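Take a look at the structure below.
No experiment lies behind these values; they were computed from the predicted model shown.
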Amino acid sequence: MTDHRILVTSEIPEPGPTILREYGNVTFCDEPIDADALRTAVTDGSHGVVLAQLRDRFDADLLSRATLAGISNYAVGFDNIDVDAAQRHGIVVGNTPGVLTDSTADIAVLLMLATARRAVEADRVVRTGGFQGWQPNLMLGTDVSGRTLGLAGFGRIAKATARRALGFGMTVLFCPRPPSDRDVADHELGDLVGRVTHVDWPTLVRESDFLSLHVPLTDDTRHLVDADVLAAMRDDAILINTARGPVVDETALVEALRDGVIAAAGLDVFEREPELAPGLADLPNTVLLPHVGSATVSVRSEMARLSALNAVAIARGEEPPHRVV
């Protein structure tokens, strides 16, 4: 069998390119590929494997026409790919699990601290000449230590966030599969047994000072946080999202932040990335990051290594190290 040619839709860090060049049969895109060019490349028979980014969309229609052996996603998540359709058409999908747990948990805590202590607002005051010396009421924020953190979802990143929060003396609640629930055994909690509390979704929403989202994007979690959930939160609560943008109804969030329904929001992901809901960027009670949860040199390099290994294995007709379907 002839090895498949690999299409790399965007530049990735080392050691990914070296691994791919050693394989040899590769097309590197100098600039991120657009949707039309991607459609052509995966349907004209020129490429059998795509090393893809989250912005590269593979819907059921495209996959039904694709002449692909597989897709290696440069990400842990894979909501840019209709995996059911991929499976129906015999297209292998790989991802990069287990490498960005700590970096994303760090960003979740950063967003908690930055929103609670109004760090971005305070930075802007200094840079624009508004700081006229220490004042008793200048830039008063919210405590983090001693407050209640609610974790929506309880996978690796949520657990890592819980451990960090416990270091701040926070009370940690979690709902493992909102909006429904499931049992969680002690062996799954590991070192967190007795240190975190399992509650249902309505309780988590109602009692959390910080509600941090750590769920995959599915039909059940799309707009998990909508106008009704925002209205049920405390009016001094802060929403944190490092999961997927469409988990939050961003238009409803803008209204809630503008009307004081909740206090603030820290977001690393957005519903229609890279576009923002109208008015979101104008709100002072937000901290907005450009999807940098995994953006450390070591993490992005490891993601490149894993995605390249997946791509080469699929191209050779071998089992990829990290297969989704």
Using modelled atom types and a 3.5 Å cut-off, is there a donor and acceptor pairing between side-chain atoms of [X] and backbone atoms of [Y]?
| X | Y | value |
| --- | --- | --- |
| Asp226 | Asp249 | no |
| Thr296 | Val299 | yes |
| Thr67 | Gly45 | yes |
| Asn80 | Gln53 | yes |
| Asn73 | Ala75 | no |
| Ser301 | Glu14 | yes |
| Asn310 | His322 | yes |
| Arg164 | Ala160 | yes |

### Salt-bridge contact Glu121-Arg118 (side-chain N to carboxylate O under 4.0 Å)
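The answer is yes: the pair qualifies as a salt bridge.
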
### Query
Going by an N to O cut-off under 4.0 Å, is there a salt bridge joining Asp236 and Arg234?
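Salt bridge present between Asp236 and Arg234.
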
### Task
Any chance you could lay out the side chain to side chain contact (heavy atoms under 4.5 Å, CB included) test for Phe210 and Arg147, step after step, and finish with the verdict?
CA-CA 8 Å; Phe210 297 85; Arg147 295 302 177 100; 4.0 Å; yes

For [X] against [Y], the heavy-atom pair lying closest together:
| X | Y | result |
| --- | --- | --- |
| Leu309 | Pro321 | O-CD, 4.0 Å |
| Val254 | Leu283 | O-CD1, 4.0 Å |
| Met170 | Thr148 | CE-C, 4.2 Å |

### Distance-only side-chain donor-acceptor flag, Asn25 / Arg5, under 3.5 Å
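Yes.
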
#### Entry: Asp30 atom CG: more than 12 heavy-atom contacts under 6.0 Å
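Check fails, neighbour count at 12 or below.
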
### Task
Look at atom CG of Asp259 and say whether more than 12 heavy atoms of other residues, nucleotides or ligands are closer to it than 6.0 Å.
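Correct, the count exceeds 12.
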
### Message
Please evaluate residues Asp34 and Leu38 with respect to the criterion side chain to side chain contact (heavy atoms under 4.5 Å, CB included), reporting the C-alpha separation (whole Å), side-chain torsions for both, the decisive distance (0.1 Å), and the verdict.
### Response
CA-CA 6 Å; Asp34 64 26; Leu38 178 64; over 6 Å; no

#### Entry: Tyr74 and Leu51: CA distance, side-chain angles, deciding distance, side chain to side chain contact (heavy atoms under 4.5 Å, CB included) verdict
CA-CA 7 Å; Tyr74 182 76; Leu51 197 161; 4.1 Å; yes

